[in-house]
Structure formats: C-alpha cells, structure tokens
Amino acid sequence: MIQIRDSRGNYHETLAIYDNAGREIKEVRNNQGRIIFKNWNELQSSPPITFRGYGKNLTECRIYGNTVQNGTPSPQAPVDVVGCGVRTGNLFDKSATNTNNGYISDGYLKSDGSKNTNGDYRASEYIAVSPNQSYTLWYGSNLNAPSVCFYDVSKNFISGIAYEGRSTIPLTTPQNTAFLRVSFWARSVNIVMLNTGSAPLPYEPYGYKLPLTVNGTEYPIYLGQVETRRRIKKYVFTGEENGTIYSTSTSRKGIEITGITGIIGGDADIAILAICTHYQPDTRNALYRNTDNGISNAYQNDKIIFYDASCQTVEAFQQFCTQQYANGTPVTVWYVLAEPETGIVNEPLQKIGDYSDELSIADIPTINGINTISADTIVQPSEMYIKGKIKSIT
C-alpha cells in the first residue's frame, strides 16, 4: 500500500504521484540507492495467490515450473513425467513438416489415398488417433476433392473422406485406424483445427497452454507462442545415439551416452539433475554400487549413464531405445541445463531440484478489492511472483 504523510502526521493513500511533466513516478531512491518511495508491491508464493488490489493491471507475473512423476520407473514399466501445462484441444501441428512422416508441400490427398499435385495445397504428417472414435476437422475453406485419409499402425492406407464443399468435416475413424492425414489450403494453415468429439471446438494452437485464471476468468498462455526461460531440457531417445561402455571400480557396467548437449555434470554427492520415463534417477555413488536400473548424469558434462542389467552392450541399449520409440513409449530424459536458454518451447514448464523453467508476462488485469490468481493445471506451478499496485496481501 502507498501512503503519504501530511504536515499533521496523517497518512493518505494514493495510487500514484507525478513529476512536473505529468509522468508517473515509479520509485524514488536516496543517495545510497535505497528505495524511499515506490508505487508498487511484490509477492511470491505457491499458487493460488490472493491479494487486495486497486483494479490496476499487474506490471509483472512470473510463473515457475514444476514436475511430478508418480511412481518408480523401470524399463518394463515406464512412468510418465508431467510438467506444468495442459495439452490444447488441437491435434494438428502446423509446424510438423517432415516429408518422411507424410507431409506433402505441393498437393493434397484424394479419397483413394493418392496425391493430387497442386502448389496451393498441403497435406499433414501422420497424426496419431484411435480407432472407432469421433473427430472433427475445421479448416475454413469450401473445397471438394481434398480429403482426410486413414491408415493402420503400419501406415497402410485404409480409406478416405472427400471434403465435398464442407468447411467442417465430422469424422469417425475406421476399425484398425492408428493415424490420419488431413489436406488443407496452404493459406489456411493458421486456422486448421482437428479435435476429438463430434463438434468443432473454438480454435486454439497445437501444443501446450498454461491456463492462468484471474478472479475466475481464464487467460490461456500458449507456450508455443511466448518466450520462456528454460533450465530444464527434454531429450527423446530414438536408438540412433552414440554410446560407450562405462565401467566402475566395482565392475558395474553402464551405457554412457554422449552428445546430450548442455547437461550439468558433477561429483558423486550432487543432487538429482536428470529424470527419465524408464529409469530411476540417482547420484553416481548410489547407482554403481547396487543392481538397480537407473540413470545418472554425474561426473562429466554432456553425458548420461544408463544402468540396465538387460542391456550390457551399447547395441542392446540402442535396440531397446529403438523398440520403445516405435512402440510410442520412447525413453525420454529431462535434465538440468548448465546454462539457461531463452526462447519459445512448446512444452510444459518443468522443475528438477532447485532449477525451474520460468514464464514472465505483463498487464494482468485485477479488480479493486480481493483478487485471486491461480493456474488451472493438474501439476501446479511451484511458485508464482506478482508485482504491481497491490494494496495489501491477504
């Protein structure tokens, strides 16, 4: 709360003070650099955050990531790693343009599965779907011949549905369907929406969002559109990684995978700085002295060591990763970066140990009175920070 004392010693609450040019003064410091006046307050705590405000927009809101893994992973029973964020309803990823995965840059698919060459059209990569399920495609045009095509798990063509002048296409996937591909007008790439269910949903981009809620109103933050500061990086193993045998003084063999750029190394007593879907994390000392399957990032930078009793050669581990990737359950590692990276990453915000991803936004609306800010996610942010004209903390 901002208060100014008059000549009688009475305090007067004010929203702002201004200089002679009419500019609002944010803060005043003395000759030692200490703040003696400020028109803002700040608060940092775990969400939800409740405070009294003036109805002025917050100047900053920072959201810190979090990570949950419910269970102990093993090569036979992987456990998913969940961060702070939720998947959007759109199954169509406009950035997925890998021609090896079905993308067509100069034409569309016909209902018999063949391609019609036309520079104004595109066809998507193979999109994973379930058999005998309802989906809805909306692409904003009234085309006739372009089609949606369905494929089995081996990506063999099953059948197709022509658009026939409809901009909204209801779909029911045939039995044995594992993938579909959609055709679209190139100019419509930014509005194509493919969602589950028999009715079209309002457009939202593919990927992850953080549904920030302010006083009951949701303000979705799409992580594929905003810049974040990342301390945690995700790596998906395909089986093509290079590795060597790592042996310890106790003759415990591990598979040392190189080229995992940016991972922090350390000594035997460091905290856990990497987690995995298939292997339990631990420090080097704990792992090489027992027979548990696990993962370690200890000792050297840019390397990860896997301990797996059933994979005693590099080739065996590569084959395991290749099979898991083909099964749709890839061996995936999240690790702490030696240096933070700033950019747009369409992934949930994570946290490992004392290191967390961070998102910062401005101009969050508030009301005059009690305000509550929360995140409508299963995994809640570890912390939130707000700054602005906050009257008091409740």
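Both backbone and side-chain heavy atoms feed into the values below; hydrogens, waters and symmetry mates do not.
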Asker: Quick check: is Trp138 connected to Leu91 through a chain of hydrophobic side chains (ILVMFWY, heavy atoms under 4.5 Å apart)?
Answerer: no
Asker: Could you check whether any side-chain heavy atom of Pro170 comes within less than 4.5 Å of a side-chain heavy atom of Ser198, counting everything from C-beta outward?
Answerer: no
Asker: To the nearest 0.5 Å, tell me how far Ile49 CD1 sits from Cys61 SG.
Answerer: 7.0 Å
Asker: Check Cys149 against Gly113 and note the closest heavy-atom contact, atom names and distance.
Answerer: SG-CA, 3.9 Å
Asker: Any donor-acceptor pair under 3.5 Å linking the side chain of Glu60 with the backbone of Ser360?
Answerer: no
Asker: side-chain hydrogen bond (donor to acceptor under 3.5 Å, both in side chains) for Asn327 and Thr329? Distances and angles first, verdict last.
Answerer: CA-CA 5 Å; Asn327 291 345; Thr329 56; 4.8 Å; no
Asker: Ile158, Leu194: one ILVMFWY side-chain cluster at the under-4.5 Å cut-off?
Answerer: yes
Asker: Once ring-ring contact (aromatic ring centres under 6.0 Å, His included) is applied, what residue pairs with a partner in residues 209-234 remain, sequence neighbours excluded?
Answerer: none
Asker: Salt bridge or not for Arg187 and Asp120, using N-O below 4.0 Å?
Answerer: no
Asker: Compute the centroid of each ring, for Phe237 and then for Phe306, and state whether the two points are separated by less than 6.0 Å.
Answerer: yes
Asker: Checking Thr277 side chain against Thr332 main chain: does a donor-acceptor pair fall under 3.5 Å?
Answerer: yes
Asker: What orientation do Phe320 and Phe317 show, parallel under 30°, tilted 30 to 60°, or perpendicular over 60°?
Answerer: tilted
Asker: Answer with yes or no whether the side chains of Lys94 and Asn190 bring together a donor and an acceptor at under 3.5 Å.
Answerer: yes
Asker: Val189 and Ile169: same hydrophobic cluster, using ILVMFWY side-chain contacts below 4.5 Å?
Answerer: yes
Asker: Would you please indicate yes or no on a ring centroid separation below 6.0 angstrom for Phe179 and Tyr151?
Answerer: no
Asker: Are the side chains of Ser374 and Thr213 in touch, meaning some heavy atoms are under 4.5 Å apart?
Answerer: yes
Asker: Flag the pair Thr217 / Asn215 as yes when at least one side-chain heavy-atom distance between them is below 4.5 Å, and no otherwise.
Answerer: no
Asker: What's the spacing between Leu109 CG and Asn116 CG if we round to 0.5 Å?
Answerer: 10.0 Å
Asker: Under a single-linkage definition using a 4.5 Å side-chain heavy-atom cutoff for Ile, Leu, Val, Met, Phe, Trp and Tyr, are Leu223 and Val86 assigned to the same hydrophobic cluster?
Answerer: no
Asker: Does Arg181 come within less than 4.0 Å of Glu125, counting only side-chain N to carboxylate O?
Answerer: no
Asker: Less than 4.5 Å apart, any side-chain heavy atom of Ile275 and any of Gln350?
Answerer: no
Asker: With side chain to side chain contact (heavy atoms under 4.5 Å, CB included) as the criterion, how do Thr173 and Phe150 come out once you've worked through the C-alpha distance, each side chain's angles and the decisive distance to 0.1 Å?
Answerer: CA-CA 7 Å; Thr173 52; Phe150 305 103; 4.0 Å; yes
Asker: Is it true that Glu341 and Arg230 have a side-chain N and a carboxylate O under 4.0 angstrom from each other?
Answerer: no
Asker: Evaluate the side-chain proximity of Tyr64 to Tyr385: yes if any heavy-atom separation is below 4.5 Å, no if none is.
Answerer: yes
Asker: What is the minimum heavy-atom distance between Arg52 and Asn371, and which atoms define it?
Answerer: C-ND2, 4.4 Å
Asker: Keeping the roles fixed (side chain from Thr67, backbone from Lys351), state whether a donor-acceptor pair exists under 3.5 Å.
Answerer: yes
Asker: Verify side chain to side chain contact (heavy atoms under 4.5 Å, CB included) between Leu212 and Ile63, making sure each step is shown before the conclusion.
Answerer: CA-CA 10 Å; Leu212 191 69; Ile63 302 168; 3.9 Å; yes
Asker: Can you see which heavy atom on Val192 is nearest to which on Asn90, and at what distance?
Answerer: O-ND2, 3.1 Å
Asker: Cation-pi between Arg122 and Phe184: NZ/CZ under 6.0 Å from ring centre and within 45° of the ring axis?
Answerer: no
Asker: Search all heavy atoms of Tyr325 against all heavy atoms of Pro330 and return the closest pair with its distance.
Answerer: CD1-CB, 3.8 Å
Asker: Can a side-chain donor-acceptor contact be found between Asp93 and Ser95 if the only test is distance below 3.5 angstrom?
Answerer: yes
Asker: Could you measure the distance from the CD1 atom of Ile161 to the OG1 atom of Thr172? Nearest 0.5 Å is fine.
Answerer: 7.5 Å
Asker: How many angstroms lie between atom CH2 of Trp334 and atom CD of Glu347, to the nearest 0.5 angstrom?
Answerer: 8.0 Å
Asker: Parallel, tilted or perpendicular for Tyr163 and Tyr139, by the 30°/60° rule?
Answerer: tilted
Asker: Just by modelled atom types, is the Pro205 backbone N or O under 3.5 Å from a matching donor or acceptor in the Thr88 side chain?
Answerer: yes
Asker: Flag the pair Asp357 and Arg231 as a salt bridge only when some basic side-chain nitrogen lies within less than 4.0 angstrom of an acidic carboxylate oxygen.
Answerer: no
Asker: How close do Ser111 and Ser147 get, counting heavy atoms only, and between which atoms?
Answerer: N-OG, 3.1 Å
Asker: To the nearest 0.5 Å, how far apart are OG in Ser45 and CD in Glu383?
Answerer: 7.5 Å
Asker: Could you walk me through whether Val214 and Ile364 pass side chain to side chain contact (heavy atoms under 4.5 Å, CB included), step by step?
Answerer: CA-CA 8 Å; Val214 184; Ile364 302 297; 3.7 Å; yes
Asker: Could you check whether any side-chain heavy atom of Thr322 comes within less than 4.5 Å of a side-chain heavy atom of Gln324, counting everything from C-beta outward?
Answerer: no
Asker: Is there a side-chain contact between Trp185 and Tyr121 in this structure, where contact means two heavy atoms from C-beta onward sitting under 4.5 Å apart?
Answerer: yes
Asker: In sequence, state the C-alpha distance, the side-chain angles, and the governing distance for Tyr108 and Asn118, and then conclude on side-chain hydrogen bond (donor to acceptor under 3.5 Å, both in side chains).
Answerer: CA-CA 7 Å; Tyr108 59 81; Asn118 188 315; 5.8 Å; no
Asker: Got a donor-acceptor contact below 3.5 angstrom from the Asn346 side chain to the Lys209 backbone?
Answerer: no
Asker: Between Glu241 and Tyr235, is there a side-chain donor-acceptor contact under 3.5 Å, judged purely by atom types and distance?
Answerer: yes
Asker: Run the side chain to side chain contact (heavy atoms under 4.5 Å, CB included) check on Leu201 and Met193 step by step: do they pass?
Answerer: CA-CA 8 Å; Leu201 297 178; Met193 178 81 179; 4.0 Å; yes
Asker: Could you report the tightest heavy-atom contact between Glu218 and Asp376, atom names first, then the distance?
Answerer: OE1-OD2, 4.4 Å
Asker: Compare all side-chain heavy atoms of Ile255 with those of Ile305 and state whether any distance is below 4.5 angstrom.
Answerer: no
Asker: Indicate yes or no for a side-chain donor-acceptor contact from Thr377 to the backbone of Val379 under 3.5 Å, with no hydrogens or angles considered.
Answerer: yes
Asker: Ignoring hydrogens and geometry, is there a side-chain-to-backbone donor-acceptor pair from Gln69 to Cys276 under 3.5 Å?
Answerer: yes
Asker: Are Lys155 and Tyr126 in a cation-pi contact, defined as NZ or CZ under 6.0 Å from the six-membered ring centre and within 45° of the axis?
Answerer: yes
Asker: If only atom types and distance count, is the side chain of Thr59 paired as donor or acceptor with the main-chain N or O of Lys387 below 3.5 Å?
Answerer: yes
Asker: Under 3.5 Å, side chain of Ser130 to main-chain N/O of Gln133, donor-acceptor pair present?
Answerer: no
Asker: Report the distance from atom CG of Leu58 to atom CG of Asp363, rounding to the nearest 0.5 Å.
Answerer: 9.0 Å
Asker: Any chance CD1 of Ile378 has more than 12 other-residue heavy atoms, nucleotides or ligands included, within less than 6.0 Å?
Answerer: no
Asker: Answer with yes or no whether the hydrophobic clustering places Leu349 together with Val226; edges join I, L, V, M, F, W, Y residues whose side-chain heavy atoms lie under 4.5 Å apart.
Answerer: yes
Asker: Given 3.5 Å as the limit, does a donor-acceptor pair link the side chain of Thr177 with the main chain of Asp152, or not?
Answerer: no
